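Everything below concerns the one structure shown next.
The shown structure was predicted, so the numbers you read here are calculated from the model rather than taken from an experiment.
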Amino acid sequence: LGDVYKRQTLLDDALAVAERDGRVDLVEVVSDPLPSSVIAHMLGAPLEMQKQFQVWSDELLQVQTAAAMAGESGGHTEFQAYLQSMIDERRADPDPPDDVVTRFIATDIDGEYLSDRMIRTQVQFLIVAGNETTRNLISHCLHRLATDAALLERLRGEPDVVDNYIEETLRTEAPVQILARAVLADTEVAGCPLHTGDRLCSVSPPPTATRPSTTPPTSSGSTAPNRATTSPSGQARTSAPGQRSHGSRGRPRSTFCSTA
């Protein structure tokens, strides 16, 4: 109920701004605060802390991005301290609230419970994975509807295709352009052979490269043809199907596949 209330509040705020000013920035009023607010609610953060969670989410993403580029591990001291206080409170409470942090504490894997550090790490992953990507997806969906009256009218009349519209937006205006995966079994993608131990980078076009069609697909899961590209130097380039990068001796080979 808290998530539903938060979504409705953000939408009410957006409508109020639009009525007052004649226009509204949906990213600022809806797309930006919604994911971090929902995640904060799931973690059990009080309502007055949800705005701070949004700030921490953005800062954490920036810290981890900079650390990854420098080949280091990223962290956020203030956010880690707050998470630890949440963990301590729940461990000391004989009847803790039923939220994600409490479930992390109570969950065991073959009798082994998560340490405080493991819980903080999992929460960080949740923040990083769920904030920026969801924000961008919501923004892409809203922008498309704001610029395509025919599509908006169809979705209003056929709500059963909304899920397919979201899936199609994920494909054509992906919030994440590069995904790295490890190959677990020999296979082939678009004529490019992949072997166990290889590293696969799936590269999607930027949001401006393609647009979802006015008519959403009748079923989700459609994909554009892939182009296999490889680069021994770490930079993607177009290649003929089947070309592969062997990289440095003893290191996994990397294969780049573009969905454009």
Worksheet item: Within the distance-only criterion (no hydrogens, no angle test), does the side chain of R90 pair as donor or acceptor with the backbone N or O of M86 below 3.5 angstrom?
Response: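 It does hold such a pair.
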Discussion item. Donor-acceptor pair, distance only, cut-off 3.5 Å: does the side chain of D198 make one with the backbone of H195?
Written reply: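 Checking the backbone N and O of H195 against the side chain of D198, a donor-acceptor pair under 3.5 Å is found.
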Flag the pair [X] / [Y] as yes when at least one side-chain heavy-atom distance between them is below 4.5 Å, and no otherwise.
X: E19; Y: L15; value: no
X: T172; Y: E168; value: yes
X: D116; Y: R91; value: yes
X: I127; Y: Q124; value: no
X: V100; Y: R103; value: no
X: D186; Y: L194; value: no
X: L34; Y: R135; value: no
X: L126; Y: L43; value: yes

Kindly work out whether a path of hydrophobic side-chain contacts (I/L/V/M/F/W/Y, heavy atoms less than 4.5 Å apart) joins [X] to [Y].
X: L10; Y: M49; result: yes
X: I166; Y: L152; result: yes
X: L142; Y: L11; result: yes
X: M118; Y: V123; result: yes
X: I138; Y: V27; result: no

What is the minimum heavy-atom distance between [X] and [Y], and which atoms define it?
X: I105; Y: Y113; value: O-CD2, 3.5 Å
X: A14; Y: V24; value: O-CG2, 3.7 Å
X: P159; Y: R156; value: CD-O, 4.0 Å
X: V101; Y: I87; value: CG1-CG1, 4.0 Å
X: H140; Y: Y165; value: O-OH, 4.3 Å
X: G130; Y: P35; value: O-CB, 3.8 Å

Discussion item. Please verify the inter-ring angle class for F79 with F53; under 30° counts as parallel, over 60° as perpendicular, anything in between as tilted.
Written reply: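 Perpendicular.
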Working to the nearest 0.5 Å, report the span between [atom1] of [X] and [atom2] of [Y].
X: Q80; Y: W56; atom1: CD; atom2: CH2; answer: 11.0 Å
X: Q52; Y: S36; atom1: CD; atom2: OG; answer: 10.5 Å
X: R117; Y: L114; atom1: CZ; atom2: CG; answer: 13.5 Å
X: S37; Y: D32; atom1: OG; atom2: CG; answer: 9.0 Å
X: S139; Y: L26; atom1: OG; atom2: CG; answer: 8.5 Å

Worksheet item: Just checking, is any N or O donor in the side chain of T102 or D99 under 3.5 Å from an acceptor N or O on the other one?
Response: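 Result is yes, a qualifying pair exists.
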Worksheet item: Going by atom types only, do D88 and Q84 share a side-chain donor-acceptor pair under 3.5 Å?
Response: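 Checked: D88/Q84 side chains pair up, N/O donor to acceptor below 3.5 Å.
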Worksheet item: T169 and L137: side-chain contact (heavy atoms from CB on, under 4.5 Å), yes or no, with the steps?
Response: CA-CA 7 Å; T169 303; L137 173 61; 4.0 Å; yes
Item to complete: Could you check L151 against R144 for side-chain contact (heavy atoms from CB on, under 4.5 Å), going step by step and ending with a plain yes or no?
Response: CA-CA 8 Å; L151 177 58; R144 179 59 171 162; 3.7 Å; yes
Worksheet item: Passes side-chain contact (heavy atoms from CB on, under 4.5 Å), Q122 versus I119? Steps please.
Response: CA-CA 5 Å; Q122 290 302 316; I119 294 173; 5.8 Å; no
Discussion item. Tell me whether E28 at atom CD has more than 12 heavy atoms from other residues, nucleotides or ligands lying less than 6.0 Å away.
Written reply: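 No, the 6.0 Å shell around CD holds no more than 12 heavy atoms from other groups.
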Item to complete: For D163 and E167, run side-chain contact (heavy atoms from CB on, under 4.5 Å): C-alpha distance rounded to whole Å, both residues' side-chain angles, the deciding distance at 0.1 Å, then the answer.
Response: CA-CA 6 Å; D163 287 350; E167 292 296 325; 5.6 Å; no
